Amino acid sequence: MNSKTRTELLYVVVVLVVLMAAAGLNIVYVLGHESNIATAKDPSTVPAGSTVINVTGYQWAWQFTYPNGTSSTDVLWVHVNTEYTFQVISKDVIHDLLIPALGLQVYAVPGHPNQVSFSVNKVGSYIFECVEYCGEDHYLMRGTMEVLS
Amino acid sequence: MSTESLLIISGVVLSAVAILVFLIYYLVATKGSVVAEVAEKSGYQDKDVFIRDQTWGKPRYLSWSVLSANDAKSIGLRYIFTSLLFLFLAGAIGVFMRISLVDPNPTIITPIVYNVLLTQHAVLMIYMFALGSAIGLAYYLLPTELRLKRDDLGRYSSFAYWVWLLGGVLFFISQSSMRWYMYPPLSLQMQTYGAGLYNSVGIFAVELIFIGVLMASIIVLRIILIDRSDDIPLSKMPIFAWAMVFTAIMLISSALPLMVGVAMLFYDVFNPIFFLKDPLTFAVIFWFWGHPVVYLAVLPAFGLMYDVITRFTKRPMYSYSSGVFSLGLLMILSELVWGHHLLNSGLGIDWVLFFTTSSFFVAIPSAITIFNMIATLWTAKKIRITTPMLFVLNAILDFTLGGVAGVMLANQSVNEIAHGTYFVTGHFHFIFVGVTLGVFMAIFYLLYPTFSHGRTYDTRLARWHFYFTAVGSFLMSVSWEVGGFIGMPRAVAGYFPQFQPYQDSAILGGVIIGIGQLIFLYNIAKSWSTVPTVDPSNILEYRTETNDPIESSDLGPIAAKEEGGSGV
Amino acid sequence: MTFKNAGIGFTVIVIVVVALSFGYIGVSHIAASSSLTPPPHAKTNHTAYTHLWADANGWDYNHGKINPTLYYNVTTLVHWNVTEEDNAPHTLTIAYDGAYSVALFDKINSTIATSPLTWEKSPSYTIIGTNLLTGLNTGQTVHATYPFLKGGIYTYWCTVHPTTMFGIIVVAG
């Protein structure tokens, strides 16, 4: 083994170690947060005690329907430190709901409901938006999440 | 405008276009028959074979005859300059889109036009510029680098070129606004607010482009593997030839599923039976092609980067075998990560784990490639800093920055924040502007004396072109990555006002890139009108083995010119 | 500097193609932006109900004012009820003539009776077509909705009887 090969192997090993460490951290995160990752809707996997909010995406607005039957468009009302579960569906084309402050992202696909759980630990007002291009007024498919105490 | 006057005006315009096309055809056909006569007198039956033998081994320059001649070099010149034309069109669209985002609300263009431009920018850049320039450089460089035994697929290559060009033009005319993802049901909404009134034409045009690039890549594969000279074994091939082998295999293997998918989508326009019920199926098929295609844009560039580095450092590649190996590994691994474009669509936890983990490992071959390049530079005694070399050095930097952002996105936790935001746009614009565009420009400058039949480009203007491109792309992509990480969504005609600083600095970067390309265009026009002064051969074509030491006299006229700093 | 010089030729082609392409997108966008096709799920803030009687002699020929001028607020979802009166086929078609100004309104109002075809230009949008108002269903009422999302002056007419059945719609705001 000449010095060239040795240098190269050393480099590959270092890269491998860094990437495997990163991949391992990622696996640990994913396995600990299954309910926080968008999955196909399944009532049996909704965490116990979680409030279900039905989310409907359509060209070009988000509608949130709460358990008591009321609904709001382009504004989401939630309470702090409460576990919520979104069940997300689209009426027309594919949308993608992103709440950047929570790192919560879920596709709204017609005929394929998804669900994702979250809770907020800080009172305030945060933005959400559609991040999958969906036609003319895609950029207006956005709103604010109001977190109440 | 009333229907009658519209009909009259369009009739007159169409007649004028038809007359012009016929005139061009007449001129080409006349020239062709003259050549055919000369060929017959020299004992040739086929004029294309005659042209090829006449131009064999000589530096091939750009002239109008490349449109009628069917030898590999003419096809290459057609592809290179057509893709350059589309680069300017799609680039102008990109800069225009940037400028329109100067205010949080739509300014100079309506959201509908913004969406049309968004779609056209992506499709023209990827299919017409990135793929077209890679195929063009393969057709242009490989016949001399591999000293082809035969070149008898010219007519098929020509057909592939025209179909590809027709697809690109039709796609632009269709004014499609479906975005290059083509996700149904949006792509089936034939309305201006959806995918555009004529999106069926757009879907058909994509299929035409696929037919063209698929044919061309099969021919490129044959050129490399079967037609190359017997005295060049696979282990001595230039690394660019290896890069094109992997590019072609990847294109052929991943394009076919989507070609079927696009055909089904086209059927859905008239009778929606396939994708309307489960649009995610199409998304999966799309990304099975859509992820490899972004590697198709960088693999040929990697091969060319090695070639440029070895020529300007006068060193062989640090490790030829690991260079080839990492390109091959990149091909295999990049076909296994397509799902990371759909991580939040409800694929299921198992698939999320699979695709995030494989996305980490696709970084290994990229890292080896970059290591190889840096090691070659490191071990060089002297590096000639010419304009092509500057572009390649910048490509290494930009690929590292963009690649690190890509590895970050492989984390599910980061992906949930940044997927669909400008962070992703910044990640791939670092790579596309830095590597795909930058390396194309480096090769274009190296080949300029050959293209222009012995003229040299203005070195000072070329330097300015480089500085503007490098600074502009860095500013633009960094602004996007920072803005995207705090949630600035991409593909939007307007945005929340708190994102304005990031948008404004990206606009500045975009405009700087645009000015740089204008300098480049002016440089072409200006230096092409000078008197030819230098030997029109170039340092890329005549030598085959990248892994052999290079004599100092092997460097071509450009290097000599730049070293003297005289320019033209 | 001749046309035989491929570099100059290429530069000229780049400039011409880019300019023509932008012209193409721009011109077709002007045509497309005036399209009256309503978007799905258009957000409207008001609702209005309008009943018209379709008669070849004029809208509402036997029911009050003939060819009435209609007034709505912007973002109004108008529920149209159109009753077929004679045995002829009809359509309810609208076109946008421009932003509201007194001068434009006076101009249309004073000339629409003498030369209605001036204001019935493309692009137009047919809210109810002849497939519904066939002339076979005399006395029946057809229902359709249309959201007015842009303020300004519109004209409405019947494409089968454009010189007798016409009127003005004013959308305020």
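Quick note: numbers below take in every heavy atom, side chains included, and nothing from hydrogens, waters or symmetry partners. Just so you know, these numbers come straight off a predicted model, no measurement behind them. By convention in this document, chain letters (A, B, ...) are assigned in the order of the sequence lines, proteins followed by strands, and residues within each chain are numbered from 1.
Heavy-atom distances place no part of B:Tyr522 under 4.5 Å from chain C, backbone and side chain included. Of the atoms belonging to B:Leu117, it is side-chain heavy atoms, and not backbone ones, that fall under 4.5 Å from chain C. Within the 4.5 angstrom heavy-atom criterion, only side-chain atoms of C:Ile15, from C-beta onward, approach chain B.
Residue-environment remark: OH (B:Tyr198) stays at or below the threshold of 12 foreign heavy atoms within 6.0 Å. The environment of CZ in C:Phe166 is crowded: more than 12 heavy-atom neighbours from other residues, nucleotides or ligands sit within 6.0 Å. In this structure, C:Tyr61 places its OH atom where only 12 or fewer heavy-atom neighbours from other residues, nucleotides or ligands lie under 6.0 Å away.
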List the steps, then state whether side-chain contact (heavy atoms from CB on, under 4.5 Å) holds for C:Val17 with B:Phe86.
CA-CA 9 Å; C:Val17 166; B:Phe86 276 100; over 6 Å; no
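Each of B:Ile173, B:Leu87, B:Ile524 has some count of heavy-atom pairs under 4.5 Å with chain C, and the biggest count is that of B:Ile173.
Counting only heavy atoms from C-beta outward, the side chains of C:Phe10 and B:Leu85 approach each other to under 4.5 Å.
Ring-plane geometry between B:Phe172 and C:Tyr24 is classed as tilted, the angle between the planes lying from 30 to 60 degrees on a 0 to 90 degree scale.
One finds the CZ atom of B:Phe88 at 13.0 Å from the CD1 atom of C:Ile13 (value rounded to the nearest 0.5 Å).
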